[in-house]
Amino acid sequence: MNNIQVFSTRTGRLVVCAVRNFSSSTSRQQEKHYKLLVVGGGTGGCTAASKFASKLGKGKVAILEPSKVHYYQPMWTFVGGGTKTVSNSSRPMGKVLPKKADWIQAGAVAFDPKNSTVTCSNGDVIKYDYMVVSMGLQLDYHKVKGLPEALLSDPAVCSNYSSKYVTKTFPALENITDGKAIFTSPNCPIKCAGAAQKIMYIAEEYFNKNGKRDNIDVIFNTSGQAIFGVPKYAETLNKIIEDRNIQLNCRLSLEEVRSDTREAIFRKLDSETNEKETFNYNFLHVVPPMSAPDVLKASPLADSMGYLDINKYSLQHARYPNVFGIGDCTNAPTSKTGAAIAAQSGVLRRNLTAFMDGKSASQDEYDGYTSCPLVTGYGKCVMAEFDYDGNPLETFPIDQSKERRTMFHMKRDIMPEMYWNLLIKGMWEGPGPYRRLMRLGMGGNKKSEVAEV
Ligand code: FAD
Ligand code: UQ1
């Protein structure tokens with residue numbers, strides 16, 4: 001029996017054709033079967049698919065990814081700061097996904113892990129032997145009353161966390177002449193938590209350089225208990241905000257934006273009487289609440305919070321052993337970054353390969369390694385690196401809690417090249433081996449090796 005199918009080519013063209021249904025399923029839906037299905041073609045999915053497509057060969061791996069565009073999201077900090085553009089941060093999805101894998105340009109709409117199938121938004125059902133889930137986080141702008149409207153209508157309200165709104169940030173920095181510039185951070189796990197404050201340091205330097213700093217209050221209203229979770233780096237950041245006269249207000253969570261009166265209403269998280277505080281704003285950079293994608297939340301793969309329920313060391317699913325996770329959508333309790341994905345990708349490669357070979361998936365352990373390049377201006381950066389317990393895991397034999405120009409160049413010039421040319425091609429598994437080398441065996445990932453390519 002032949003079915004009509006719509007395929008997306010590598011150039012992004014849609015091709016409609018009849019294909020033979022080779023499935024053994026009795027269902028009327030088209031059922032395809034892959035040895036490995038990767039759900040999501042962002043940082044984690046592209047990295048995992050690249051590794052396994054070259055290992056397993058053509059036609060064995062499929063990537064389920066609806067988006068036509070792949071973004072290097074860390075660049076959005078510089079887009080907000082006016083030194084890069086969104087197009088600098090993007091590539092066509094068809095150009096970055098591995099050529100040996102099949103790209104199914106659709107989204108997952110339902111997971112049935114008992115039967116090892118996923119239903120796609122185009123109606124197809126995909127059967128898999130093994131699955132890697134890497135769907136990232138959903139941006140919940142709608143959870144803040146008035147925010148979606150403010151982002152559409154108020155030029156002073158912006159957000160570096162979305163390709164749609166990041167282009168508003170620099171014009172808003174240019175436009176503000178006086179009053180309050182407010183930067184927020186929500187009360188939930190988010191990707192690159194540091195990016196909430198990176199743009200604030202850039203903005204503060206920009207105001208200074210343009211002679212308007214004296215007329216602008218720079219305010220960080222964060223849901224967090226402190227400026228940063230790791231004391232070694234918090235110490236430096238606290239000194240910076242003191243020296244640069246930046247106001248830090250902890251345990252404040254943005255609840256409502258009234259763009260008609262330019263008011264931002266925050267809930268005081270430690271108040272027993274649900275107290276609120278209203279700030280007038282002349283510039284408002286919002287980091288939205290984030291959560292696991294709704295499809296994942298509604299699936300048997302989720303934990304009680306909706307994240308992919310994995311073993312935080314092996315990255316294998318807690319209940320469905322042929323399912324693994326990588327990246328922001330999992331419940332591994334680390335700070336969610338691309339750097340974390342780099343380290344996870346080596347563990348995933350070793351553990352999933354072993355599992356495919358009939359061995360246990362506990363060959364290697366992810367230690368929670370993550371890194372946050374805390375850009376503190378147009379030429380400085382504190383390169384934070386740490387593990388699950390907040391212990392610093394620094395790569396370079398220098399004190400990385402200091403602001404450094406070298407680390408700024410690492411973040412701005414070297415990381416994007418490493419991302420496009422190594423990480424998402426499956427050839428960068430984080431700096432663990434280099435850390436061990438540079439520190440002569442002190443620290444480093446327990447069983448790290450150089451990427452197998
Ligand atoms: P993503 O890369 O977001 O990919 C998820 C993919 O899943 C998307 O392509 C999406 O289309 C797809 N998807 C969603 N739903 C479905 C579905 N139903 N079916 C199929 N596919 C689906 N990290 C660093 O290491 N260093 C930094 O300096 C840094 N700075 C940052 C600054 C900003 C402003 C931001 C926003 C992020 C930053 N990050 C940084 C974080 C980093 O970008 C993310 O942690 C990383 O991209 C997460 O990768 P992921 O694969 O988990 O998710
Ligand atoms: C990293 O490995 C990485 O992947 C290429 C990034 O981009 C997403 C990073 O931003 C960082 C900081 C790292 C960590 C690497 C080093 C050398 C500190």
Side-chain angles (χ1 to χ4, degrees), residues 32-64 98 100-102 108 111-118 126-135 296 299-303 307-334 340-369 388 423-430 432-433 445-453:
K32 296 181 189 164
H33 187 166
Y34 286 94
K35 178 153 177 142
L36 176 66
L37 174 64
V38 177
V39 182
T43 310
C46 194
T47 300
S50 294
K51 283 184 187 296
F52 284 92
S54 50
K55 194 180 270 293
L56 300 174
K58 207 164 167 51
K60 299 287 184 200
V61 178
I63 304 152
L64 189 55
K100 283 186 179 165
D102 291 354
F111 290 97
D112 180 1
K114 269 197 188 149
N115 292 306
S116 295
T117 61
V118 174
I126 303 181
K127 187 149 182 69
Y128 56 83
D129 296 337
Y130 307 92
M131 175 166 70
V132 172
V133 181
S134 44
M135 297 163 76
L296 181 54
S299 81
L301 296 169
D303 71 1
Y307 301 108
L308 186 79
D309 196 3
I310 59 166
N311 177 305
K312 69 177 193 176
Y313 300 115
S314 69
L315 310 181
Q316 186 177 35
H317 196 274
R319 295 179 297 284
Y320 302 100
N322 63 339
V323 178
F324 287 70
I326 187 167
D328 295 353
C329 71
T330 80
N331 63 355
T334 191
I341 287 173
Q344 290 167 12
S345 73
V347 177
L348 179 74
R349 172 177 62 78
R350 289 184 280 275
N351 287 350
L352 178 51
T353 302
F355 192 69
M356 286 175 172
D357 293 342
K359 296 184 208 138
S360 131
S362 308
Q363 307 297 312
D364 198 5
E365 286 184 357
Y366 173 53
D367 57 7
Y369 172 84
Y388 273 136
L423 178 65
I424 61 168
K425 294 192 170 162
M427 296 189 285
W428 170 246
E429 296 184 348
N445 290 338
K446 253 195 271 175
K447 300 170 193 165
S448 294
E449 308 159 18
V450 178
E452 197 184 78
V453 242

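- Residues satisfying the side chain to side chain contact (heavy atoms under 4.5 Å, CB included) test with Thr330, not counting sequence neighbours, are Leu308, Ile310, Ala332.
- Between Ala53 and Lys100 the shortest heavy-atom distance is O-CD, 3.7 Å.
- For the residue pair Asn351 and Tyr313, the shortest heavy atom distance occurs at ND2-O, 4.4 Å.
- Checking side-chain atoms of Ser134 against main-chain N and O of Gly40 turns up a donor-acceptor pair under 3.5 Å.
- Closest heavy-atom contact between Cys329 and Val133: SG-O, 3.8 Å.
- Remark: Asn311 pairs with no residue by the side-chain hydrogen bond (donor to acceptor under 3.5 Å, both in side chains) rule, at least two apart or across chains.
- When all heavy atoms are compared, the tightest approach of Gly426 to Ser50 is N-CB, 3.8 Å.
- Applying the ring pair (Phe, Tyr, Trp, His ring centres under 6.0 Å) criterion to Tyr366, with sequence neighbours excluded, gives Tyr388.
- Residues Phe111 and Val323 fail the side-chain proximity criterion, which asks for heavy atoms closer than 4.5 Å.
- Considering CD of Gln363 and CG of Leu352, their distance stands at 11.5 Å, rounded to 0.5 Å.
- Here the shortest heavy-atom pairing between Lys127 and Asn115 reads NZ-O, 2.8 Å.
- Proximity of a side-chain donor or acceptor of Lys359 to a complementary backbone N or O of Thr353 within less than 3.5 Å is not detected.
- Minimum interatomic distance between Ile341 and Gly44 (heavy atoms only, all atoms of both residues): CG2-CA, 3.7 Å.
- Evaluation of the side chain to side chain contact (heavy atoms under 4.5 Å, CB included) rule for Asp303 yields Met305, Tyr307, Asp309, Asn331 as partners, not counting sequence neighbours.
- Between Leu348 and Thr47 the shortest side-chain heavy-atom distance does not fall below 4.5 Å.
- Atom OG1 of residue Thr117 and atom NE2 of residue His33 lie 11.0 Å apart, to the nearest 0.5 angstrom.
- In this structure, the separation between CG on Asn322 and CG on Leu36 is 10.5 Å, given to the nearest 0.5 Å.
- Looking at heavy atoms from C-beta onward, Val132 lies out of side-chain contact with Lys51 at the 4.5 angstrom threshold.
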For side chain to side chain contact (heavy atoms under 4.5 Å, CB included), just list the numbers for Leu301 and Met131, CA-CA rounded to whole Å, side-chain angles, deciding distance to a tenth of an Å, and then say yes or no. CA-CA 11 Å; Leu301 296 169; Met131 175 166 70; 3.9 Å; yes
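- The shortest side-chain heavy-atom distance between Gln316 and Pro321 falls under the 4.5 Å cut-off.
- Side-chain atoms of Arg349 do not come within 3.5 Å of backbone N or O of Glu429 as any donor-acceptor pair.
- Ile63 has its side chain within reach of Pro98: a pair of non-hydrogen atoms, C-beta onward, lies under 4.5 Å apart.
- Listed by chain and residue number, His317 satisfy the ring pair (Phe, Tyr, Trp, His ring centres under 6.0 Å) test with Tyr320 (two or more places apart in sequence, or in another chain).
- Shown here are the side chain to side chain contact (heavy atoms under 4.5 Å, CB included) partners of Lys35, two or more places apart in sequence or in another chain: Leu56, Lys60, Asp129, Tyr130, Met356.
- Remark: side-chain polar atoms of Ser314 are not paired, donor with acceptor, to backbone N or O of Ser362 under 3.5 angstrom.
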